[in-house]
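For reference, the structure is listed below as structure tokens.
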There are 2 protein chains.
Amino acid sequence: MYQRNTIQRTIILQAVKRLQNHPTADEVYAEVVKEHPSISRTTVYRNLQQLDEAGFISIRKIPGCADRYDHICANHYHVRCINCGRVADVDMEYIPDMQSRIKDGHGFVFIKHDLIFQGICLECQKQGSKEGKEESK
Amino acid sequence: MYQRNTIQRTIILQAVKRLQNHPTADEVYAEVVKEHPSISRTTVYRNLQQLDEAGFISIRKIPGCADRYDHICANHYHVRCINCGRVADVDMEYIPDMQSRIKDGHGFVFIKHDLIFQGICLECQKQGSKEGKEESK
DNA sequence: TTTCTATTGATATTATATTGCAATAAGAAT
DNA sequence: ATTCTTATTGCAATATAATATCAATAGAAA
């Protein structure tokens with residue numbers, strides 16, 4: 001756990017709270033470097049992880065793309081656009097006891113679960129999926 | 001789609017079918033290089049992707065670790081050990097209409113979903129989680 | 001046998017993330 | 001206010017996973 005609230009940590013947290021669209025570490029870096037041009041990418045990566053550990057933000061590991069950082073920490077589900085990579089929340093009831101549906105878990109102790117939808121976002125539908133900024137990996 | 005069934009493609013497919021534990025591309029490489037010492041890692045990556053596209057195996061993108069290759073193509077759910085990285089199937093009914101539970105999908109067209117559990121496998125429980133071969137990222 | 005081209009394998013590159021370490025800066029102690 | 005202490009930063013290097021480029025090769029077809 002970290003000890004001090006530095007300028008860097010403060011503006012990184014503010015950036016995640018301002019950018020509400022599940023930014024990647026690099027997108028957070030691009031945002032904070034405007035305000036604090038000397039900040040290092042390493043510091044952004046490091047502080048995002050520390051802010052996650054401290055419970056102020058939540059890291060979201062989405063299959064097939066860079067980690068996203070979420071200003072909302074409560075458990076919820078996400079959808080990823082397979083054309084442009086955009087990640088959004090879905091409004092769906094969280095199922096805390098999902099693991100109770102498992103008949104055979106091969107001796108695993110279950111801790112949590114992630115449910116990630118894949119689809120095409122509204123913008124990419126409009127553009128006929130022609131010029132997405134990212135291909136699905 | 002590929003045109004020819006090369007030696008390399010054949011032994012890569014056999015390796016995935018033999019290694020039933022959701023191997024990574026590197027683990028498949030380690031297996032096939034025993035039989036075919038001159039094979040290139042690139043060829044393994046490339047063929048695994050082509051075999052996935054051709055429907056003979058299935059790529060599984062698990063958050064926070066390297067892609068796994070599955071000899072079973074039918075939709076099902078997985079659990080990952082956060083200590084050693086092992087990926088296993090869970091025996092649980094597949095829910096094809098999961099997206100029907102979404103109240104607001106923000107205009108996304110939904111295509112598929114992935115449900116991934118995280119937990120501790122039997123082996124890591126026995127070892128008291130002391131010497132896992134991989135830390136959770 | 002010769003031609004044609006899919007495929008391979010070596011190398012380089014990209015993307016994402018982490019580690020090591022010297023320099024810095026922010027509190028605490030004096 | 002000055003010094004001390006150490007958490008933190010930022011640079012550079014490294015790690016890992018995956019992909020791109022391209023000349024050489026192999027194998028089917030003519």
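In what follows, every chain begins at residue 1, and chains take the letters A, B, ... in the order their sequences are listed.
- Of the residues listed (D114(A), D67(A), D70(A)), the one engaging R60(A) in a salt bridge (charged side-chain N to carboxylate O under 4.0 Å, His left out) is D70(A), and it is the only one.
- Cluster annotation: V90(A) and I95(A) are assigned to the same hydrophobic cluster (Ile/Leu/Val/Met/Phe/Trp/Tyr, side-chain heavy-atom contacts under 4.5 Å, transitive).
- Applying the salt bridge (charged side-chain N to carboxylate O under 4.0 Å, His left out) test to pairs two or more places apart or on separate chains, those with a residue in residues 39-55 of chain A are D26(A)-R41(A).
- Across the protein-nucleic acid pair, Y29(A) atom OH and dT16(C) atom P stand 15 Å apart, rounded to whole Å.
- For the helix from dT1(C)-dA30(D) to dT30(C)-dA1(D), the axis fitted to the five pairs at one end and the axis fitted to the five pairs at the other end meet at an angle of 10° (nearest 10 degrees).
- Sorted by first and then second residue, the pairs that involve residues 4-36 of chain B and meet ring pair (Phe, Tyr, Trp, His ring centres under 6.0 Å), not counting sequence neighbours, are H22(B)-H78(B).
- With sequence neighbours excluded, no residue forms a ring-ring contact (aromatic ring centres under 6.0 Å, His included) with F56(A).
- Using a 4.0 Å heavy-atom distance criterion, D67(B) is classed as a sugar-phosphate-only contact.
- In this entry the distance linking CD of E27(A) with P of dA15(C) reads 14 Å, nearest Å.
- As a whole-Å value, the separation of D52(A) CG from dT18(C) P is 11 Å.
- The nearest whole Å value for the distance from the CD1 atom in I62(B) to the P atom in dT16(D) is 20 Å.
- Taking Ile, Leu, Val, Met, Phe, Trp and Tyr as members and joining any whose side-chain heavy atoms lie under 4.5 Å apart, directly or through other members, L19(A) forms no hydrophobic cluster with any other residue.
- Hydrophobic side-chain contacts under 4.5 Å tie Y45(A) to no other Ile, Leu, Val, Met, Phe, Trp or Tyr residue.
- If you measure from atom NZ of K61(B) to atom P of dA17(D), you get 13 Å, rounded to the nearest angstrom.
- Other members of the cluster containing L122(B) do not exist, because no ILVMFWY side chain is joined to it at under 4.5 Å.
- Atoms CZ (R41(A)) and P (dA13(D)) sit 17 Å apart, rounded to a whole Å.
- Protein atom CG of D26(A) is 10 Å distant from nucleotide atom P of dA15(C), rounded to whole Å.
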Output one line per pair: protein atom, nucleotide atom from nucleotides 2-8 of chain C, and distance, for all N/O pairs under 3.5 Å.
residue : atom : partner : partner atom : Å
dT7(C)  : OP1  : Q3(B)   : N            : 2.6
dT7(C)  : OP1  : R4(B)   : N            : 2.8
dT7(C)  : OP1  : R9(B)   : NH2          : 3.0
dT8(C)  : OP1  : T6(B)   : OG1          : 2.7
dT8(C)  : OP2  : N47(B)  : ND2          : 3.3
dT8(C)  : O3'  : Q8(B)   : NE2          : 3.1

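- Residue Y45(A) has a polar side-chain atom (N or O) positioned under 4.0 Å from OP1 or OP2 of dA17(C).
- Remark: Y2(B) pairs with no residue by the ring-ring contact (aromatic ring centres under 6.0 Å, His included) rule, at least two apart or across chains.
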